[in-house]
Protein chains: 2
Amino acid sequence: MLKSNTDKRSRLIEAAVMLTYRHGFGATSLADIAREADVPLGNIYYYFKTKDEIGEAIVERRLERFRAFTQRLSALSPKERLEAFVQMTIESAPELAKSGCPVGTFCSEIHKGGGPLTEKASHLFAGTLDWMEAQFAGLGKGADSRKLAIHLLSALQGMSVLAHTLRDPGLVATEVEGLKEWLRGL
Amino acid sequence: MLKSNTDKRSRLIEAAVMLTYRHGFGATSLADIAREADVPLGNIYYYFKTKDEIGEAIVERRLERFRAFTQRLSALSPKERLEAFVQMTIESAPELAKSGCPVGTFCSEIHKGGGPLTEKASHLFAGTLDWMEAQFAGLGKGADSRKLAIHLLSALQGMSVLAHTLRDPGLVATEVEGLKEWLRGL
DNA sequence: GTCTATAGGCAGATAGAC
DNA sequence: GTCTATCTGCCTATAGAC
């Protein structure tokens, strides 16, 4: 019973993560999520009281994924970790061109609403920035670390917006090459 | 009769531009636009057959504004024009932190839908890129001009996404400073 | 050209049987 | 815990009087 419980809940979140990434949070209906997860519409409300609660679950799932990803980099040096992070964006260039950055597009959309989800969504960027800052600090960048983290994330976000809007995955490789050179020169 | 006609139509577009910028295109209803423009709801359909047609009008209005802006820079040198462009983002830092880049957030949202508006919205970025490319070409950058244009627009978009999501207008000044230095060094 | 009233559909959310 | 049926409200779009 607990198993099927978490199974369904997890399937719902996974479906919500994917559909929201592809079509946006507002454009994804609970019926869409239920169908994708193969769960009856009304049953969603046993797991989530409101649609916004699903939004919170999406944020948490993405945070978990991010933590899992950075943990896999724990054996590397700070500089190698940062390089691995930007390398990841090259590998996901096709998805970036199709739907943009999963974190950036979600945050942008949610922040236009101004509702209670806004604060929760901010954690996604804040968490990424904190991790990047820690890597730059590990590189000996001291007080500049935060600024460098913002600069790096900003560059990746801009690249994603353009690759998405111009539907050009090749743009990712070009911009990332410049970023890697920038990282090496630090 | 023609006057009041264009008046109303123009008021509707202006209201749509503003509300869509603040809350997103999908989250803005025709009723919202009608109320803001002080036009009865049903009367919208005399000017626009569908909501998507309002989206197209939004794109066109923004393109006009962009052309008007670049025309005001015609007396300057190519480098001064680019500097004026990035300077503009500093002046609009408060709005950027509140609602993001008007062009970037609109394009991001529309591109998730995949509808017929998508192509139209692309013109916004394409037009900006073409203009930037022409300035870099005027600087003697030749074949590198397109890449430089993409890099500049990408940096501005990334900055906007972060300023928006972190609600931090101060971030704009910091990033633009780096961009201005980059421009001077070209 | 302008406006009111409303159709028709789909969204989020709930009730209640099982 | 699960699922069907349904409520309520808002959305886009239309009909039709003026």
Side-chain angles (χ1 to χ4, degrees), chain A residues 1-20 22-59 106 109-110 112-118 120-121, chain B residues 1-20 22-59 106 109-110 112-118 120-121:
Chain A
M1 56 174 175
L2 193 74
K3 175 151 187 300
S4 105
N5 178 320
T6 56
D7 248 21
K8 278 200 188 174
R9 187 187 158 86
S10 197
R11 251 159 50 215
L12 284 167
I13 297 174
E14 215 52 53
V17 164
M18 188 196 71
L19 292 172
T20 292
R22 288 205 194 145
H23 308 119
F25 184 72
T28 302
S29 73
L30 296 176
D32 294 333
I33 297 170
R35 196 182 319 113
E36 181 69 31
D38 204 34
V39 168
L41 174 58
N43 202 0
I44 288 191
Y45 288 91
Y46 175 73
Y47 301 98
F48 306 98
K49 268 192 269 296
T50 63
K51 190 184 180 185
D52 267 23
E53 268 190 24
I54 297 185
E56 291 179 28
I58 290 174
V59 172
F106 183 81
E109 180 184 351
I110 298 301
K112 289 241 166 176
L117 245 183
T118 325
K120 195 95 185 174
Chain B
M1 50 172 179
L2 192 76
K3 175 153 187 299
S4 105
N5 179 320
T6 55
D7 249 21
K8 278 199 188 172
R9 187 186 158 86
S10 197
R11 251 160 50 214
L12 283 168
I13 297 175
E14 215 51 54
V17 165
M18 188 196 72
L19 292 173
T20 292
R22 289 205 193 145
H23 308 119
F25 184 72
T28 302
S29 73
L30 297 175
D32 294 334
I33 297 170
R35 196 183 318 114
E36 180 68 31
D38 203 34
V39 169
L41 174 58
N43 201 0
I44 288 190
Y45 288 92
Y46 176 73
Y47 301 98
F48 306 97
K49 268 191 269 294
T50 63
K51 191 185 178 184
D52 267 22
E53 267 190 26
I54 297 184
E56 291 180 29
I58 290 174
V59 171
F106 183 80
E109 180 184 352
I110 297 302
K112 288 241 167 177
L117 244 182
T118 324
K120 196 96 185 174

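So you know, we letter chains A, B, ... as the sequences are listed, proteins then strands, and number each from 1. Everything numeric here is computed off the predicted structure, so don't read it as measured data.
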**Prompt:** Does B/Tyr47 reach the side chain of B/Ile13, with side-chain heavy atoms less than 4.5 Å apart?
**Reply:** no

**Fill in**
B/Asn43 atom CG is separated from D/dT14 atom C1', nearest whole Å, by 13 Å

**Message:** What is the separation between atom CZ on A/Arg9 and atom P on D/dT2, rounded to the nearest whole Å?
**Reply:** 13 Å

**Prompt:** Given atom CD of A/Glu53 and atom C1' of C/dA13, what is their separation to the nearest angstrom?
**Reply:** 13 Å

**Prompt:** What heavy-atom pair brings B/Leu12 and B/Ala34 nearest, and what distance separates the two atoms?
**Reply:** CD2-CA, 4.4 Å

**Asked** Please give, in whole Å, the distance from D/dC3 C1' to A/Arg35 CZ?
**Response** 17 Å

Quick one: which protein N/O atoms are closer than 3.5 Å to N/O atoms of nucleotides 15-18 of chain C? Pair and distance per line, please.
none

**Message:** Taking only side-chain N and O atoms of A/Tyr46, does any of them lie within less than 4.0 angstrom of OP1 or OP2 on D/dT2?
**Reply:** no

**Whole-Å distance separating the CG atom of B/Asp7 from the C1' atom of C/dT2** = 15 Å

Return the polar atom pairs (N/O with N/O) between nucleotides 8-12 of chain D and the protein under 3.5 Å, or none.
residue, atom, partner, partner atom, Å
D/dT12, OP1, B/Lys51, NZ, 3.1
D/dT12, OP2, B/Leu30, N, 2.8

**Prompt:** Whole-Å distance between C/dT14 P and A/Ile44 CD1?
**Reply:** 13 Å

**Complete:** Minimal heavy-atom distance between B/Val59 and B/Phe106, with the atoms involved, is CG2-CE2, 3.6 Å

**Asked** Does anything in residues 31-47 of chain A pair up under salt bridge (Lys or Arg N to Asp or Glu O under 4.0 Å), and if so which pairs, sequence neighbours excluded?
**Response** A/Asp32-A/Arg35

**Asked** If every non-hydrogen atom of B/Ala121 is compared with every non-hydrogen atom of B/Ile110, which pair is closest and at what distance?
**Response** CB-CG2, 4.1 Å

**Request:** Round to the nearest Å and state the distance from A/Phe48 atom CZ to C/dT14 atom P.
**Result:** 16 Å

**Asked** Shortest non-hydrogen contact from B/Glu56 to B/Leu117?
**Response** N-CD2, 3.7 Å

**Prompt:** Would you say the side-chain atoms of B/Thr118 pair up with the backbone N or O of B/Gly115, donor to acceptor, closer than 3.5 Å?
**Reply:** yes

**Minimum heavy-atom distance A/Lys51-A/Thr28, with the two atoms named** = NZ-O, 2.7 Å

**Fill in**
All heavy atoms of B/Ala57 vs all of B/Phe48, minimum pair found to be CB-CE2, 3.8 Å

**Message:** For C/dG1 and B/Tyr47 - does any side-chain N or O of the residue sit under 4.0 Å from the phosphate oxygens OP1/OP2?
**Reply:** no

